[in-house]
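Taking it in order: structure first as structure tokens, then the write-up.
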Amino acid sequence: MRLLIAGGGGFRVPLIYRALASGRFAGLVSELVLYDVAPTRLAAVTAVLRSMPGPGAGLPVRATTSLPDALAGTQMVFAAVRPGGTAGRVADEKVAQDLGLLGQETTGAGGISYALRTIPHMLGLARQMRKHSPEAWLINFTNPAGMVTEALVPVLGSRVIGICDSAGGLVQRAARAAGVALPDGRLDGVGYYGLNHLGWLYRLESGGRDVLPGLLADPRALQSFEEGRLFPQPFLAGLGALPNEYLYYYYRLDDARRAMRAMPVTRGESIHLQQQELYPRLAAAGTDAYRLWEEARRSREEGYLAEARANGEQRDEDDLAGGGYERVALAAMRALSGAGDTQLILNARNSLPAASSAATAEAPAARAAIPGLPADAVVELPCTVTPDGALPLPQAEPGKEQLGLLRRVKEVERLTVLAATEGTRDAALAAFARHPLVDSPDLASELLAGYEHAFPALRKLWGEGSG
């Protein structure tokens, strides 16, 4: 099978290549094609792959800046693109932060900005896939993953699946803390509902017994993993669930803003400076390229969610080792290719398969896998992955406060998708104003003006030119 990575000059591409050469993924791919619009980034990543130690050197790699060429004969596409590069991320964060709001790339105002400029590019990729490789699957890494995936469903239908490693990582860390061994590739005893970067683990079964309440009542066990340390134990016990790490920005917003303002540079600025210096060095490093990349990767992982850690607290060694996104993506690819079904937490449509019944004049209405949210919305939840796609598993209905937050953020996501797909500026304004972390029409106007100044392409999207 030929695998194409759109965004092949991306920093995390070597993680995928490394995983392809090891364990159960070895031999799954016959050729890896890297596509990117930046030849210099392709050259740097290719240098890293060529210098990587171990058996991966046997996997053929081809780099190209031509998308039709990259898509020809491709059965699987991974997409991890960032229009505007890391400089765009800096603007996503800084425009919001300068207005006293949360400056984070996927959550709040920054996430809306990121989606507005990314969705048109991803729609272009999807349409090219329909033309050049209509049977290929798209596994979307591109953030904000839920919004981007929802925007692509009208073009690709069930052949697009969104992935993120934060939800699956939460499940694995909680299981270790609770002393539970999860069966490989099975999530039958796991309850998780939400949207991308906005979800909760609400059930964790072992031997038919839910062990999550015991974990939430154990302060020492909670202190053994990152999500357990992010929130006070009495709060988690009262909530009756473990929030995804990104809910830190909702539940402890003031703490997050203060910590971010106290940092000498934003997270985006730190990564931008690192990559500006690193990529030219990688391209010229020869056999030393992999070592340089690995040092940079570890440094980048150490800084992840630094605003939520105090007193010199470090990330767990398991988290620093990497192996999140690529494991989820390759496990999904393996199941889609017919090598065995698996269960993963994914971004997929919220509709359960229709129950078999006698034929009627009208098809039955789709049932929602997460009750209370639209059945046609893209949500994040456990799915069974087969060669037919990702089949959502039914979940419990979220509690009143959780469901209220999910509905509001889903409304924001859909307004953002509308703005990006139809060029509707009023929808973009409404998305900013309705987001719980903005919640102000006046700030929405200032935000959109700031992002239009940073990204002139947005004004073109509204049909207002670039002047």
Side-chain angles (χ1 to χ4, degrees), residues 6-7 36-38 41 65 67 79-128 140 142-155 266-269 271-272 275-276 409-467:
D36 205 293
V37 297
R41 293 178 66 85
T65 57
L67 184 55
V81 305
R82 185 186 289 277
T86 52
R89 175 174 180 167
V90 173
D92 290 335
E93 296 174 352
K94 289 286 286 182
V95 169
Q97 190 165 303
D98 288 347
L99 290 170
L101 298 168
L102 179 79
Q104 210 282 329
E105 71 157 340
T106 65
T107 303
I112 296 171
S113 170
Y114 192 0
L116 286 173
R117 71 172 194 277
T118 299
I119 286 171
H121 290 270
M122 288 297 295
L123 286 170
L125 169 64
R127 291 171 184 136
Q128 288 293 302
N140 176 51
T142 301
N143 275 320
M147 278 192 270
V148 171
T149 302
E150 181 146 334
L152 300 183
V153 167
V155 180
T266 66
R267 172 75 167 158
E269 287 172 320
I271 289 174
H272 181 60
Q275 293 203 10
Q276 275 193 316
V409 174
K410 176 48 68 176
E411 178 191 357
V412 169
E413 290 188 352
R414 291 192 142 177
L415 285 166
T416 305
V417 170
L418 176 65
T421 55
E422 298 189 11
T424 310
R425 190 177 190 274
D426 285 348
L429 273 172
F432 284 116
R434 283 290 294 155
H435 199 286
L437 301 182
V438 178
D439 200 29
S440 163
D442 292 339
L443 282 173
S445 295
E446 292 186 70
L447 283 166
L448 187 51
Y451 288 126
E452 287 171 337
H453 178 74
F455 306 111
L458 287 181
R459 292 197 295 273
K460 291 184 179 180
L461 184 63
W462 321 137
E464 297 177 5
S466 58

Checking Glu105 now: which residues fulfil salt bridge (charged side-chain N to carboxylate O under 4.0 Å, His left out) with it, not counting sequence neighbours?
Arg82, Arg89
Any non-hydrogen side-chain atom of [X] less than 4.5 Å from a side-chain atom of [Y]?
X      : Y      : value
Arg41  : Gln275 : yes
Pro120 : Leu461 : yes
Tyr114 : Val148 : no
Leu125 : Val81  : no

Run the side-chain hydrogen bond (donor to acceptor under 3.5 Å, both in side chains) test against Thr142 and tell me which residues pass, sequence neighbours left out.
Asn140
Mind checking what makes side-chain hydrogen bond (donor to acceptor under 3.5 Å, both in side chains) contact with Lys410, not counting sequence neighbours?
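In terms of side-chain hydrogen bond (donor to acceptor under 3.5 Å, both in side chains), with neighbours along the sequence ignored, Lys410 is linked to Glu150, Glu413.
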Could you note down all residue pairs passing salt bridge (Lys or Arg N to Asp or Glu O under 4.0 Å) where residues 415-432 supplies at least one of them, sequence neighbours left out?
Arg425-Glu452
Pairs where residues 436-447 contributes a residue and the test salt bridge (Lys or Arg N to Asp or Glu O under 4.0 Å) is met, not counting sequence neighbours
Arg408-Asp439
Main-chain N/O of Ala427 paired to Thr424 side chain as donor or acceptor, under 3.5 Å:
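Here the side-chain-to-backbone pair does not exist.
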Listed by chain and number, what are the side chain to side chain contact (heavy atoms under 4.5 Å, CB included) partners of [X], not counting sequence neighbours?
X      : result
Val155 : Leu123, Ala126, Arg127, Arg130
Thr65  : Pro39, Leu42
His272 : Thr86, Ala87, Val90, Gln276
Ala428 : Leu116, Ala419, Leu448, Trp462

Scan for ring-ring contact (aromatic ring centres under 6.0 Å, His included) pairs involving residues 431-450, sequence neighbours excluded, and state none if there are none.
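As it turns out, the ring-ring contact (aromatic ring centres under 6.0 Å, His included) pairs with a partner in residues 431-450, which skip direct neighbours, are Phe432-Tyr451.
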